[in-house]
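The block underneath contains the structure these notes are about, expressed in structure tokens.
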Amino acid sequence: MDKDASDRLVHDPAGGIDRLVEIMARLRDRENGCPWDLEQDFASIAPYTIEEAYEVADAIERQAWGELKGELGDLLFQAVYHAQMAAEAGHFGFGDVVTAISEKMVARHPHVFGDDSRDKTAEDQTRDWEKIKAQERGRQGVLDGVALGLPALTRAIKLQNRAARVGFDWPSTAEVIDKIVEEAEELNEARAVKSEAEVFEEFGDLLFVVANLARHLKIDAEAALRAANSKFTRRFGAVEASLAAKGKRPEESTLAEMDALWDAAKVAERQGQVRP
């Protein structure tokens, strides 16, 4: 594409995805591109990709629909960015990315794009989806392909789901809870008699079983922890506000005083005085 055609596309509000791809190509142009963008590689951009995905999730959780459009655009730009660098290295281009995901979606939805019956529950379709994915992976191990870069909690759930599909799972939730008690006792014992490395390992074991409990309870562990984080932030903010009304800061207060204010914040929430 010559410079004039590129300029027209870059400044065309109706240019669509082609416009975005061209903008990215111009940013990475060796002669006239952006110095910062030219310095980047897959490894340096990957953290931004993860960050943008979390910002999408944050906008959804807050139901900030006005922000979501922009956050989705930021995430889409990350895909275009990686595709541009791949094209420069001779690996593939953005069109290949689109083709790959389109082929995958058609292949994994035979009940929509093929002859399979649609008379299935969402659970049935999830099982079918996983069977197709397993066929695509070929003769790999059960746990192969669970991305190492996932957040640890999410990866734990995925590993457990994979193992459960071949029968390696506790039969009931009660047994998972018993295991949590056992792991907590082992961690407590380790604190007194074991090395830091062993305490570290026992703590990891406890977290892993707690993640398994979420799976058995059909709870989204990430969402539950995000909600707990939000609750903690909200209530500690109420503690700070109460202290500020007294002309004090948390570091100038006692634990007993802050605990009392924390309990008051909980009561206020339950009585509807504070929006949860």
Side-chain angles (χ1 to χ4, degrees), residues 47-48 50-75 122-123 126 150-161 170 172-188 190-191 199-200 202-276:
Y48 294 101
I50 295 168
E51 179 182 339
E52 296 299 351
Y54 276 114
E55 290 184 1
V56 167
D58 176 68
I60 292 170
E61 185 170 345
R62 293 185 289 109
Q63 298 186 14
W65 311 126
E67 296 178 27
L68 182 58
K69 176 178 67 175
E71 299 297 353
L72 287 171
D74 291 343
L75 184 57
E123 188 174 345
T126 298
L150 288 171
L153 185 56
T154 299
R155 188 163 192 266
I157 298 291
K158 286 185 174 290
L159 290 170
Q160 293 162 4
N161 280 333
W170 281 291
S172 72
T173 301
E175 289 168 289
V176 184
I177 294 174
D178 289 342
K179 187 64 176 177
I180 288 175
V181 173
E182 177 187 326
E183 294 292 353
E185 290 173 348
E186 290 180 3
L187 175 60
N188 194 42
R191 290 173 56 241
V199 172
F200 178 89
E202 294 293 352
F203 182 73
D205 291 345
L206 177 58
L207 286 179
F208 192 80
V209 183
V210 170
N212 214 331
L213 177 60
R215 188 175 64 81
H216 274 258
L217 294 173
K218 301 187 185 306
I219 288 173
D220 182 332
E222 288 279 352
L225 186 55
R226 283 197 301 270
N229 289 340
S230 296
K231 180 167 64 176
F232 181 85
T233 301
R234 185 174 63 247
R235 289 180 179 174
F236 193 79
V239 170
E240 288 185 300
S242 297
L243 288 172
K246 301 177 182 180
K248 299 173 69 174
R249 297 175 57 82
E251 57 268 29
E252 300 166 340
S253 180
T254 65
L255 177 58
E257 184 178 14
M258 287 190 285
D259 270 343
L261 292 173
W262 177 276
D263 290 339
K266 286 170 60 176
V267 171
E269 279 189 7
R270 288 169 184 157
Q271 293 176 346
Q273 297 173 19
V274 178
R275 188 176 66 86

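Note that the structure is a prediction, hence the values are computed from the model and not measured. Any value given below was found using the heavy atoms of this structure, including those in side chains, with hydrogens, waters and symmetry copies removed.
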Nearest 0.5 angstrom please: I157 CD1 to F208 CZ, how far? 8.5 Å

Can you list everything that forms a salt bridge (charged side-chain N to carboxylate O under 4.0 Å, His left out) with E252? Sequence neighbours excluded, please. none

So, applying side chain to side chain contact (heavy atoms under 4.5 Å, CB included) with P250, which one of L255, L261, L243 is it? L243

In terms of heavy-atom contacts, does CZ of R191 have more than 12 from other residues, nucleotides or ligands at under 6.0 Å? no

M258 versus S253, closest heavy-atom pair with distance: CG-OG, 3.7 Å

Going by ring pair (Phe, Tyr, Trp, His ring centres under 6.0 Å), name the residues that satisfy it together with W262, two or more places apart in sequence or in a different chain. F232

What pairs of residues pass the side-chain hydrogen bond (donor to acceptor under 3.5 Å, both in side chains) test when at least one of them lies in residues 223-232, not counting sequence neighbours? E61-R226

What residue pairs, at least two apart or across chains, pass side-chain hydrogen bond (donor to acceptor under 3.5 Å, both in side chains) with a residue in residues 235-244? R235-E269

Of the non-hydrogen atoms in A190 and V199, which two are nearest, and what is the gap between them? O-CG2, 3.5 Å

Using side-chain heavy atoms (C-beta onward) and a distance below 4.5 Å, is E71 in contact with D58? no

If every non-hydrogen atom of L213 is compared with every non-hydrogen atom of I180, which pair is closest and at what distance? CD2-CD1, 3.5 Å

Output for pair (L159 CG, L150 CG), nearest 0.5 Å, gives 8.5 Å

Show every salt bridge (Lys or Arg N to Asp or Glu O under 4.0 Å) that has at least one partner inside residues 213-224, sequence neighbours left out. D169-R215

Rounded distance [0.5 Å steps], CG in L72 versus CD1 in I60: 6.5 Å

Heavy-atom count check: over 12 atoms from other residues, nucleotides or ligands less than 6.0 Å from F203 CZ? no

Donor-acceptor contact present, side-chain E55 to main-chain L75, <3.5 Å: no

Hey, could you give me each pair passing salt bridge (Lys or Arg N to Asp or Glu O under 4.0 Å) that has a residue in residues 259-268? Not counting sequence neighbours. none

Separation between CD1 (I177) and CG (N212), nearest 0.5 Å, reads 11.5 Å

Does E175 form a salt bridge (Lys or Arg N to Asp or Glu O under 4.0 Å) with K179? I'd like the steps, not just the answer. CA-CA 6 Å; E175 289 168 289; K179 187 64 176 177; over 6 Å; no

